[in-house]
Amino acid sequence: MPLSCFATAARSAIPIVPLSREALETWLSGAPQATRRWTEATGFAAAHGDICLLADAEGGLERVLLGLGGAAGPDEPVIWAFGGLPGRLPAGRYGIDEDAGFDDFTAAAIGWGLGAYRFDRYRKSGGKRPALVLPKAADATAVDSAIAATWLVRDLINTPASDMGPAELARAATDLAKAYKARVRVVSGANLSRDYPAVSAVGAGSPRAPRVVDIRWEGSGARNAAKVVLVGKGVCFDTGGLDIKPAAGMKFMKKDMGGAAQVLGLARMIMAAKLPLKLRVLVGAVENAVSGEAMRPLDVIRTRSGKTVEVGHTDAEGRLVLCDLLTDAAADKPDLIVDCATLTGAARVALGTDLPAMFTNDSAVAAALLEQGSRADDPLWRLPLWSPYRRQLESRVADLSNVGSAPQGGAITAALFLQEFVPDGIAWVHLDLMAWNDSSRPGRPEGGEAMGMRALYGLIANEISARR
């Protein structure tokens, strides 16, 4: 469990002293001369994330100075300053010095937990690790929820496709549902072909049968509560289909179920908090493979909505999975639909790998979500649903094409395609995310990653669930 990275309270805990550049001068003014000399000799100036280890008279570790940056406060989020500590400190028990004028204990503890993550399913990492005494002033429930959900997302994405196919992803979703006493239904076979024909078409080329997982949960007192539906793209591996990807583009496609992983992590946060709302989670678990059964370029697929889609490119399969799920989600007339997907390379070209692209048909929801992202140090960036580009999705033989006719604006045309399956009057958020860290940074190890999940939770917990 994630809280294994925390320790019980102990007098022997080594204090961590968080200091801005300005606070460092004040702190040093009251420190022994030897300490002042040592910090000067090591060049510690409280830059963000820098540490200085101070020894006691017997040569043991007495305390740790942690830099927060900025003269008047942190120039980067506190969460990532603490996120770097588990990988840099020696084993032992640590506690945040609560007399150092620092007060962002919840963010600090979350950062510590995110930095303590290890994916050790296939290679056990031995040795003892540092543990943090959870500060009394931290929101322990929020800390545990954010860390556990993020670890879940990372574990699901990091697991190779050989062990995380449609069946295994569905099993993980089912296990989560059962843990929180939610109702769960898995649709496959002939029922899938009938009820989710586009999902079925995407998965037809793989010997690992596609399926849809449908989870329903209600918080206490949720009889007249808001309805939220989470939709996740669960393409467990994406070869590109017959329009096959090159090797470099296919290498990391085990992460193409990152949207499904994220909505499961978000659902865990919601259910663990017992939010007073009605929650539904829809995950399309498929593999986009190459075989004689695979969908072909210019095939026409009939979707759950009744609309027909011409397959302009078999590597634009994620939106075909999502369109059936969005149609089903909208049937409940929810207060909010959120879909998460590793949908386009175009979003990465526009915003880079760290910043998820957010599209929504509701400006009030957009403003609230951006604000929650800022508060949680989990940023998003809104891109437009630019309706003039809708013409690029026209087909001469079907209602829609699954790809735009121009090479530019691919993230926007993908979002416009999805919008075709969301009726007017239903608030909808679409997140196009990377779900992967290309390299390791404090609190963000290389590999699978939740992006925008804490922001979405803030929106649902603080805005949507309070509407009724």
If we only count heavy atoms from C-beta on, is the Asp332 to Arg216 side-chain gap below 4.5 Å?
yes

Let me confirm one number: the CG-CG distance from Leu400 to Leu320, rounded to the nearest 0.5 Å.
10.0 Å

Taking the side chain as every heavy atom from C-beta outward, state whether Asp214 and Val283 have any pair of such atoms under 4.5 Å apart.
no

Please answer whether the main-chain N or O of Ala341 pairs with a side-chain N or O of His430 as donor and acceptor at a distance below 3.5 Å.
no

Given 3.5 Å as the limit, does a donor-acceptor pair link the side chain of Asn437 with the main chain of Ser440, or not?
no

State the CG-CD distance between Asp163 and Glu168, to the nearest 0.5 angstrom.
7.0 Å

Parallel, tilted or perpendicular, as decided by the 30° and 60° cut-offs, for the rings of Trp386 and Tyr389:
perpendicular

Verdict with reasoning, Ile51 to Leu65, per side-chain contact (heavy atoms from CB on, under 4.5 Å)
CA-CA 5 Å; Ile51 62 172; Leu65 306 185; over 6 Å; no

According to ring pair (Phe, Tyr, Trp, His ring centres under 6.0 Å), who are the partners of Tyr196, at least two apart in sequence or on a separate chain?
none

How close do Arg211 and Ala170 get, heavy atom to heavy atom, and via which atoms?
CD-CB, 3.6 Å

Treating Ser206 as the side-chain partner and Gly203 as the backbone partner, does any N or O pair qualify as donor plus acceptor under 3.5 Å?
no

Should Asp438 and Arg348 count as an ion pair when the cut-off is N to O under 4.0 Å?
no

Is there a donor-acceptor pair under 3.5 Å between the side chain of Ser465 and the backbone N or O of Pro276?
no

Check the pair Gln419 / Arg390 against side-chain contact (heavy atoms from CB on, under 4.5 Å), numbers first and verdict last.
CA-CA 10 Å; Gln419 190 179 30; Arg390 167 61 179 79; over 6 Å; no

Heavy-atom closest pair (Ala116 atom, Arg129 atom, distance to 0.1 Å) is O-NH1, 4.2 Å

In a check of side chain to side chain contact (heavy atoms under 4.5 Å, CB included) between Glu317 and each of Asn402, Asp256, Val286, which one passes?
Asp256

Counting neighbours of CD on Glu98 that are heavy atoms of other residues, nucleotides or ligands and sit closer than 6.0 Å, is the number greater than 12?
yes

Aromatic ring proximity, centroids under 6.0 angstrom, Tyr180 and Trp217:
no

Check whether any side-chain heavy atom of Pro210 sits under 4.5 Å from a side-chain heavy atom of Leu192, and report yes or no.
yes

Should the heavy atoms of other residues, nucleotides or ligands under 6.0 Å from CZ of Arg121 be counted, would the total exceed 12?
yes

Residue pair Gln372 / Asn462, side-chain donor-acceptor N/O under 3.5 Å:
yes

Phe102 and Phe105 aromatic ring geometry - parallel, tilted or perpendicular at 30°/60° bounds
perpendicular

Give me the atom names and distance for the closest heavy-atom approach of Val143 to Ile110.
CA-CG1, 3.9 Å

Measure the shortest side-chain to side-chain distance between Val184 and Val281 over non-hydrogen atoms and say whether it is less than 4.5 angstrom.
no

Measuring from atom OG1 of Thr303 to atom CG of Asp324, what distance do you get when rounded to the nearest 0.5 angstrom?
5.5 Å

The reported gap from CG in Leu380 to CG in Leu383 (rounded to nearest 0.5 angstrom) is 10.5 Å

CD1 of Ile14 to CG of Leu61, rounded to nearest 0.5 Å, is 4.0 Å

Return yes if a side-chain donor-acceptor contact under 3.5 Å exists between Asp155 and Tyr117, otherwise no.
yes

Exam field: side chain Thr360 to backbone Ala366, donor-acceptor pair closer than 3.5 Å
no

Scanning both residues in full, the closest heavy-atom pair of Thr413 with Gly410 reads OG1-O, 3.2 Å

Polar side-chain atom of Asp50 near backbone of Phe44 as donor-acceptor pair, under 3.5 Å
no

With side-chain contact (heavy atoms from CB on, under 4.5 Å) as the criterion, how do Leu325 and Val212 come out once you've worked through the C-alpha distance, each side chain's angles and the decisive distance to 0.1 Å?
CA-CA 9 Å; Leu325 303 183; Val212 166; 3.9 Å; yes

Just so I know, are the side chains of Asp339 and Val429 near enough to count as touching, which here means a heavy-atom distance under 4.5 Å?
no

Non-hydrogen side-chain atoms of Pro334 and Ile426 separated by less than 4.5 Å
yes

So, taking the atom named CE in Met164 and the one named CZ in Phe237, what distance separates them when rounded to the nearest 0.5 Å?
14.5 Å

Between Glu463 (side chain only) and Gly458 (backbone N and O only), is there a donor and an acceptor less than 3.5 Å apart?
no

Could you check, using the six-membered ring where one of them is a Trp, whether Phe82 and Trp112 have ring centers closer than 6.0 angstrom?
no

Does the structure place the NZ or CZ of Arg154 under 6.0 Å from the centre of the six-membered ring of Phe119, at an angle of no more than 45° from the ring's axis?
no

Measure across Cys323 and Leu418 and return the closest heavy-atom pair with its distance rounded to 0.1 Å.
N-CD2, 4.5 Å

My understanding is that only residues two or more places apart in sequence, or in another chain, count here; which of them pass ring pair (Phe, Tyr, Trp, His ring centres under 6.0 Å) with Tyr94?
none

Does Leu336 offer a backbone N or O that forms a donor-acceptor pair with the side chain of Lys227 under 3.5 Å?
no

Main chain of Thr239, side chain of Asn288: is a donor-acceptor contact present, judged purely on distance under 3.5 Å?
no

Could Arg444 and Trp80 be counted as a cation-pi pair, given that NZ or CZ must be under 6.0 Å from the ring centre and within 45° of the axis?
yes

Residues Leu456 and Cys340: closest non-hydrogen pair is CD1-SG, 3.9 Å

Side chain to side chain, Leu282 and Leu230, heavy atoms closer than 4.5 Å
no

Considering only heavy atoms from C-beta outward, does the side chain of Lys245 approach that of Lys251 to under 4.5 Å?
no

Are Arg441 and Asp354 close enough, and set up right, to give a salt bridge (Lys or Arg N to Asp or Glu O under 4.0 Å), and what steps lead you there?
CA-CA 12 Å; Arg441 290 165 296 160; Asp354 291 351; 3.0 Å; yes

Run the side-chain contact (heavy atoms from CB on, under 4.5 Å) check on Ile79 and Arg454 step by step: do they pass?
CA-CA 13 Å; Ile79 189 173; Arg454 299 192 309 279; 3.8 Å; yes

So, Lys274 side chain and Ser220 main chain: donor-acceptor pair closer than 3.5 Å or not?
no

Could you walk me through whether Asp432 and Thr344 pass side-chain hydrogen bond (donor to acceptor under 3.5 Å, both in side chains), step by step?
CA-CA 7 Å; Asp432 189 337; Thr344 69; 2.6 Å; yes

Step-by-step side-chain hydrogen bond (donor to acceptor under 3.5 Å, both in side chains) determination, Asn158 to Tyr122:
CA-CA 11 Å; Asn158 286 330; Tyr122 302 95; over 6 Å; no

